Enquirer: 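The structure follows.
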Amino acid sequence: MDPARFTRVDATTWRIEPFGAMRVPAIIYADEDLIRAMDDKVFEQVTNVAMLPGIVRASYAMPDAHWGYGFPIGGVAAFDPDRSGIVSAGGVGFDVSCGVRTMLTGLDVADILPVQKSLADSLYRQIPAGVGSTGAIVLDPVEMDAMLTGGACWATEHGWGDARDLERIEEQGRMAGARPECVSDRAKERQRLEMGTLGSGNHYLEVQAVAEIFDTGVAEAFGLRQDNVVVTIHCGSRGLGHQIGTEFLKEMVVAAEASGIALPDRELACAPIHSEIGQRYLGAMRAAINCALANREILGHYARRIFGHFFPDHDLRLLFDVSHNTCKVEPHVVDGKRRNLFVHRKGATRAFGPGHESLPQALRAVGQPVLIGGSMGTGSHILVGATTGEEKAFSSACHGAGRALSRHAALKQWSGRKVIDDLAAQGILIRSPSSRGVAEEAPGAYKDVDAVVMAAEHAGLARRVARLRPLICIKG
DNA sequence: ATGTAC
């Protein structure tokens, strides 16, 4: 994008004053290089979102923003239910509650290296990955509804996980307000065999080493030291969330028209929060959040089991589990008044700063861990929420590196074999059922994650704590 | 992201 299209507020804040039907300004947080590399579609989409009813303060895009369905990926927008605010399935995304968890192993790189290959093979053998992958858990209708209501709590009650994890999961592992009866039979059928599976695309399980510490004090509070090994899992609500997204997007196009909402783009289909369909979507979406929370808890359990085999004296402790694709009701101060807003984060994480009441005691003084996945070769980052983030973007931050090339373009440039060999030469072991998927996820197809997190830090969204480099990646 | 289109 041409930087001249914006009012530049500071080095990492780019503002678009309302024009046309925009109700609020649009603000993109990024450095100049990231803005130049960003698709013009982000400008169009972030300003389109600013036209939706009930939006408050501004329509935001994070430094990793790119073109998405209707809303940009890396978009944050909050709506006030008492000012005709809307909820949008496209504002959450198809993979409802896709997210990341990082678990501490208590091990060092030196412990992993001698078994790196057999550990990679074990993880790959025992963790179902890939399109349409199914697992060992079969849900009957009663257990399906229990899972959709109970989330990670349901998983731990069934022995897949550890109850001590719960306080370090958003919503303490269980999203309230889920309504399984609002989830279609088809969505449930698709999920029947998919619990405890990784899925495909950019989903992964990685074994990572702490490569660099930026903030020793916070790293200490998070339990991270140089050369420590962690396990990070990135996945979501699988077929269930996708089916819910598909169905409600279609239904919301009709609903928006019926409510007299003028849509600048059909893909922004939405419904008033107070409408019947809006409430039904929220009930189904919250059920899908529980599905994703349960899924990550089960996958964490599998990782524990496999690590337990290699390292009987060590247990995996959850650092944090955070979603990237959600709509959450949160109190925020707007125009001097505390209001309950419906905050859509699509390809953006919650990033509560120190002192936030929803953080567990062990983390409250430091702030929320913000987990940012990079690509297979370039590593990931752990940040901490900053107090300034509240005013900047309703306490939100970027979620990853963000694609620089389309999947199609990546396929033309790389083969899966070459990507795997190049990374193996750097000591990074990739295991995946899909050679094509690996090519699509080639490190070169992603933006520079270091630049993205640097921009997020400069913009006051979150602060860097540690950089992680991959050792093993199980790719969907 | 996704039984990679119903």
Side-chain angles (χ1 to χ4, degrees), chain A residues 45 64-75 88-101 128-135 138-139 144 183-205 233-251 253 266-267 269 284-285 287-289 291-296 299 322-327 344-349 373 375-376 399-403 405-412 416 432-441 445-446 474-476:
Chain A
Q45 293 192 320
D64 55 339
H66 53 113
W67 180 17
Y69 186 95
F71 287 59
I73 296 163
S88 170
V92 171
F94 282 91
D95 190 3
V96 178
S97 196
C98 178
V100 173
R101 68 157 47 194
V131 180
S133 49
T134 54
V138 180
L139 296 184
M144 176 67 69
V183 177
S184 70
D185 289 344
R186 196 167 176 199
K188 291 175 181 172
E189 177 56 32
R190 282 182 69 170
Q191 194 59 32
R192 205 168 71 87
L193 304 171
E194 289 194 343
M195 295 310 294
T197 67
L198 208 45
S200 64
N202 64 1
H203 288 171
Y204 59 76
L205 180 148
I233 295 169
H234 175 209
C235 71
S237 52
R238 305 287 286 107
L240 181 126
H242 188 267
Q243 186 64 30
I244 290 170
T246 304
E247 290 168 6
F248 277 94
L249 270 165
K250 201 182 293 176
E251 215 182 321
V253 174
R266 273 173 68 90
E267 292 187 357
M285 183 209 57
I289 290 179
C291 176
L293 297 181
N295 197 30
R296 286 196 290 274
L299 287 165
V322 67
S323 295
H324 291 160
N325 287 352
T326 56
C327 174
H344 293 61
R345 296 188 181 90
K346 178 186 186 180
T349 74
S375 68
M376 290 183 290
H399 81 308
R403 292 200 77 89
L405 295 179
S406 68
R407 293 186 176 276
H408 184 73
L411 275 179
K412 286 207 285 193
S432 173
S434 168
S435 173
R436 176 186 161 159
V438 170
E440 289 178 352
E441 294 291 321
Y446 279 83
I474 309 302
K475 196 79 182 168

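So that the names make sense, note that chain A is the first sequence line, chain B the second, and so on, each numbered from 1. Every value quoted in this text rests on a predicted model; they were computed, and no experiment measured them.
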Enquirer: With heavy atoms under 4.0 Å as the rule, sort A:Glu440 into base, sugar-phosphate or nothing.
Expert: nothing

Enquirer: Apply the test side chain to side chain contact (heavy atoms under 4.5 Å, CB included) to residues A:Asp95 and A:Ser237: give CA-CA distance (whole Å), side-chain angles for both, the deciding distance (0.1 Å), then the verdict.
Expert: CA-CA 6 Å; A:Asp95 190 3; A:Ser237 52; 3.6 Å; yes

Enquirer: Base, sugar-phosphate or nothing for A:Gly245? Non-hydrogen atoms, less than 4.0 Å.
Expert: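 Touches nothing.
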
Enquirer: Between A:Glu441 and A:Val131, who's closer to the 5' end of DNA chain B by nearest nucleotide?
Expert: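 Of the two residues, A:Glu441 wins.
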
Enquirer: With sugar-phosphate meaning primed atoms plus P, OP1 and OP2, does A:Thr246 contact a base, only sugar-phosphate, or nothing at under 4.0 Å between heavy atoms?
Expert: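 Here A:Thr246 touches no strand at all.
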
Enquirer: CG of A:Leu411 versus P of B:dT4: gap in Å, rounded?
Expert: 16 Å

Enquirer: Using atom NE2 of A:His408 as one end and atom P of B:dT4 as the other, report the distance to the nearest whole Å.
Expert: 19 Å

Enquirer: Just how far, in rounded Å, is C1' of B:dT4 from CZ of A:Arg436?
Expert: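 From A:Arg436 CZ to B:dT4 C1': 7 Å.
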
Enquirer: Using whole Å, what does the distance between atom C1' of nucleotide B:dA5 and atom CD of A:Gln243 come to?
Expert: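 Going from A:Gln243 (CD) to B:dA5 (C1'), I get 13 Å.
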
Enquirer: Using the salt bridge (Lys or Arg N to Asp or Glu O under 4.0 Å) rule, collect all pairs that involve residues 237-250 of chain A, keeping only residues at least two apart or in two chains.
Expert: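 Output for this query lists A:Glu194-A:Arg238.
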
Enquirer: Could you tell me how far apart A:Arg407 (CZ) and B:dT4 (P) are, to the nearest whole angstrom?
Expert: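 After rounding, the gap between these two atoms is 14 Å.
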
Enquirer: Can you tell me the distance, in whole Å, between the CD atom of A:Gln191 and the P atom of B:dT2?
Expert: 10 Å

Enquirer: Between B:dT2 atom C1' and A:Leu193 atom CG, what is the distance in whole Å?
Expert: 16 Å

Enquirer: Do A:Asn325 and A:His399 meet the criterion of a side-chain donor-acceptor pair at a distance under 3.5 Å?
Expert: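 The criterion, which ignores hydrogens and geometry beyond distance, is not satisfied for A:His399 and A:Asn325.
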
Enquirer: Roughly how many Å is it from CD1 in A:Ile244 to C1' in B:dT2, rounded to a whole number?
Expert: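 These atoms are roughly 13 Å apart.
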
Enquirer: Please compare A:His242 and A:Lys250 by the position of their nearest nucleotide in DNA chain B and report the one closer to 5'.
Expert: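 Here A:His242 is the residue nearer the 5' end.
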
Enquirer: Salt bridge between A:Glu441 and A:Arg403, side-chain N to carboxylate O under 4.0 Å?
Expert: yes

Enquirer: So what does A:Gly201 hit on the nucleic acid, given a heavy-atom distance under 4.0 Å: a base, only sugar-phosphate, or nothing?
Expert: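 A:Gly201: backbone/sugar contact only, no base atoms under 4.0 Å.
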
Enquirer: Apply salt bridge (charged side-chain N to carboxylate O under 4.0 Å, His left out) to residues A:Arg186 and A:Glu189 and explain how you reach the verdict.
Expert: CA-CA 5 Å; A:Arg186 196 167 176 199; A:Glu189 177 56 32; over 6 Å; no

